[in-house]
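Atoms considered below: every heavy atom in the structure, side chains included; atoms not considered: hydrogens, waters and symmetry mates. Bear in mind that the values here come from a model prediction, so they are computed numbers and not experimental data.
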Amino acid sequence: MRKYLNYILTTGILLLLQVSVAMASDISKSSAAEVLQAANDKVFIDLLWVMIAGFLVFFMQAGFALVETGFTRAKNVANIMMKNMMDFGVGTIIFWAVGFSIMYGTDVWGLFGFSNFFLSDALQADGSLDTWLYAEWFFQAMFAATAATIVSGAMAERTKFTGYLIYTLFISAIIYPVVGHWVWGGGWLADLGFYDFAGSTVVHGVGAWAGLMGTYILGPRIGRFVNGKAKRISGHSVALGTLGVFILWLGWFGFNPGSTLGADPSFARIAVTTNLSAVGGALAAMLIAWYKTGNPDLGYTLNGALAGLVAITAGCAVVSPASAVAIGFIGGAVMFYGTRFLEKIQIDDPVGAIPVHGFAGIWGTLAVALFAQQPYSSSFEGLFFGGSAYQLLIQAVGITAVLLWTIGTAYLVFKVTNVTHGLRVSEVEELNGLDQNEHGMTAYPDFFGVDEVRDMMDLDIEQELTLVKEEKLKIDL
């Protein structure tokens, strides 16, 4: 039997090699323009840097998956992983077909683009290929995936998988690309002078405000708020959450320096400001949490680092290293108090996506108009370095416009989905965990879990639900 398997395997490999050689021959003929373009060393180095940066931003998907998984309960791990997998999958297809065209297509009244659907412009009239268009699409597709993924964290542990996929389609096709066109595609905010170098508002703000609408319509998880008071629902693995933050931190060195869109020497400085801001955010969150709670809380510290990264994303290219520390430090503080504020108004955000990406994003976008200075910025200076308040006004207008657009469109999508299809799982499904009910599996099959606890306590599901709501029973497994 093994002999026949080896024969089949060998034959298959030989066939694949023959096909590969034939395809390589065709490609070498059809992409001659690409080879000739690569002969220009500067063009090739620029292209290479953009692609490497895009690869780093792609790796952020792993970071988001681990952060969301670590900060939530074991019974929902497979569901969270699946959402992160498929919001990238669905989002990428939609962004290729429609989203990129709306973001960077031919401008229509400064509001949206309309051309180049399915990357049709990459094949030019003379038969050559526009290699730069492929690189630009790849890099921007990774950003679109980031905006979509942020939403899943805010809506974790109680959202139907199918309902979430419906929303992913709309954020990748319309909601995010329209904002991207306004700022980066030659739209009305770009004409106004709004500045957001790598997306504190364009990417992170869109993800956060969409997540806010999603969690508002969903309502809080069972047991999160009891008698008007917030009750902590601990995540199952601080180790996974910490690893996820470090992966995101690494990915940000593609996110921000890669937004130079070429091998510009400034990407070294941008990496420095990005890193220093992250450290500032982590320190601020740790110190404030230590003062407020009596402990140097790891969860707040991790989110503080992310808040620092989000805050510096808008102005990383136009501020000094010292200013970057200050921006990150304030970003960490904004995240901490923003988290407490959401708890007071009973908005349940399991991973802190809204304060990290939304509140810190607002601060970072405004900070551009405060901390920009020469020689880092050549077009304008911040208020703290002799500039006027005009840029601050423009930044505020941009933040407000993106906020209103995203909240309005996301609310509409989530509301219609909730009415027509249903957005939230049932209470019984939520208690059982989304892994079993949504995917028919569990991430930790050998662990002592909810079913075993029920058997020991001899409770039926209705009795358990009543006890959890009255906070007489707490099962975080």
Side-chain angles (χ1 to χ4, degrees), residues 61 64 83-84 86-105 107-114 116-117 137 140-155 159 162-190 194 196 198-218 310 313 349 353-354 357-358 361-362 365 397-421 423:
Q61 293 295 316
F64 279 115
K83 286 175 179 172
N84 277 266
M86 292 316 299
D87 65 28
F88 182 82
V90 172
T92 298
I93 291 291
I94 296 301
F95 193 72
W96 165 65
V98 178
F100 186 72
S101 309
I102 291 176
M103 190 165 173
Y104 286 105
D107 180 67
V108 179
W109 306 317
L111 299 177
F112 59 91
F114 198 83
N116 193 28
F117 294 93
W137 177 86
Q140 294 300 334
M142 300 306 104
F143 275 51
T146 298
T149 300
I150 291 168
V151 183
S152 67
M155 299 172 63
T159 307
T162 50
Y164 179 75
L165 289 184
I166 291 171
Y167 170 73
T168 298
L169 187 151
F170 282 95
I171 190 172
S172 302
I174 300 173
I175 299 174
Y176 168 73
V178 166
V179 172
H181 184 79
W182 290 355
V183 181
W184 296 335
W188 70 276
L189 281 178
F194 179 75
D196 186 356
S200 288
T201 288
V202 175
V203 179
H204 298 280
V206 167
W209 308 136
L212 176 62
M213 287 297 95
T215 192
Y216 171 74
I217 291 174
L218 281 171
V310 171
T313 295
D349 177 359
I354 299 164
H357 299 277
I362 287 177
T365 307
V397 169
I399 291 168
T400 305
V402 173
L403 175 68
L404 293 176
W405 162 257
T406 307
I407 284 179
T409 52
Y411 179 84
L412 180 63
V413 172
F414 281 129
K415 193 68 175 177
V416 172
T417 302
N418 193 41
V419 171
T420 59
H421 174 78
L423 193 60

Taking it one step at a time, do L165 and M86 satisfy side-chain contact (heavy atoms from CB on, under 4.5 Å)?
CA-CA 8 Å; L165 289 184; M86 292 316 299; 3.8 Å; yes
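- Here the CD1-CD1 distance, from I407 to I175, works out to 11.5 Å after rounding to the nearest 0.5 Å.
- To the nearest 0.5 Å, atom OG1 of residue T201 and atom CG of residue D196 are 5.0 Å apart.
- With contacts defined as side-chain heavy-atom distances shorter than 4.5 Å, the pair L404/T400 qualifies.
- Taking the six-membered ring where tryptophan is involved, the planes of Y164 and Y167 are tilted, since the angle between them lies from 30° to 60°.
- Using a 4.5 Å heavy-atom threshold, the side chains of L423 and T159 count as touching.
- Applying the side-chain contact (heavy atoms from CB on, under 4.5 Å) rule to A190 yields no partners; only residues at least two apart in sequence or on another chain are considered.
- Here side-chain hydrogen bond (donor to acceptor under 3.5 Å, both in side chains) pairs that include residues 170-187, with residues two or more places apart or in two chains, are D107-H181.
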Throw together a table of side-chain donor-acceptor distances under 3.5 angstrom for residues 409-417, partners on residues two or more places apart or in other chains.
from : atom 1 : to   : atom 2 : distance (Å)
T409 : OG1    : W405 : O      : 2.7
T409 : OG1    : T406 : O      : 3.3
T417 : OG1    : V413 : O      : 2.7

Side-chain donor-acceptor pairs under 3.5 Å in residues 144-152, sequence neighbours left out?
from : atom 1 : to   : atom 2 : distance (Å)
T146 : OG1    : M142 : O      : 3.0
T149 : OG1    : Q61  : OE1    : 2.9
T149 : OG1    : Q61  : NE2    : 3.4
T149 : OG1    : D87  : OD1    : 3.2
T149 : OG1    : A145 : O      : 2.8
S152 : OG     : E68  : OE1    : 2.8
S152 : OG     : E68  : OE2    : 3.1
S152 : OG     : T149 : O      : 2.8

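- Atom CZ of F170 has 12 or fewer neighbouring heavy atoms from other residues, nucleotides or ligands inside a 6.0 Å radius.
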Donor-acceptor pairs are to be reported for all side-chain atoms of residues 209-217 against protein atoms at under 3.5 Å, with residues two or more places apart or in another chain.
from : atom 1 : to   : atom 2 : distance (Å)
W209 : NE1    : G205 : O      : 3.4
T215 : OG1    : R158 : NH2    : 2.5
T215 : OG1    : D348 : O      : 2.6

Would you give me the side-chain donor-acceptor pairs under 3.5 Å for residues 91-102, sequence neighbours excluded?
from : atom 1 : to   : atom 2 : distance (Å)
T92  : OG1    : F88  : O      : 2.6
W96  : NE1    : F118 : O      : 3.4
S101 : OG     : S115 : O      : 3.2
S101 : OG     : N116 : O      : 2.9
S101 : OG     : F117 : N      : 3.2

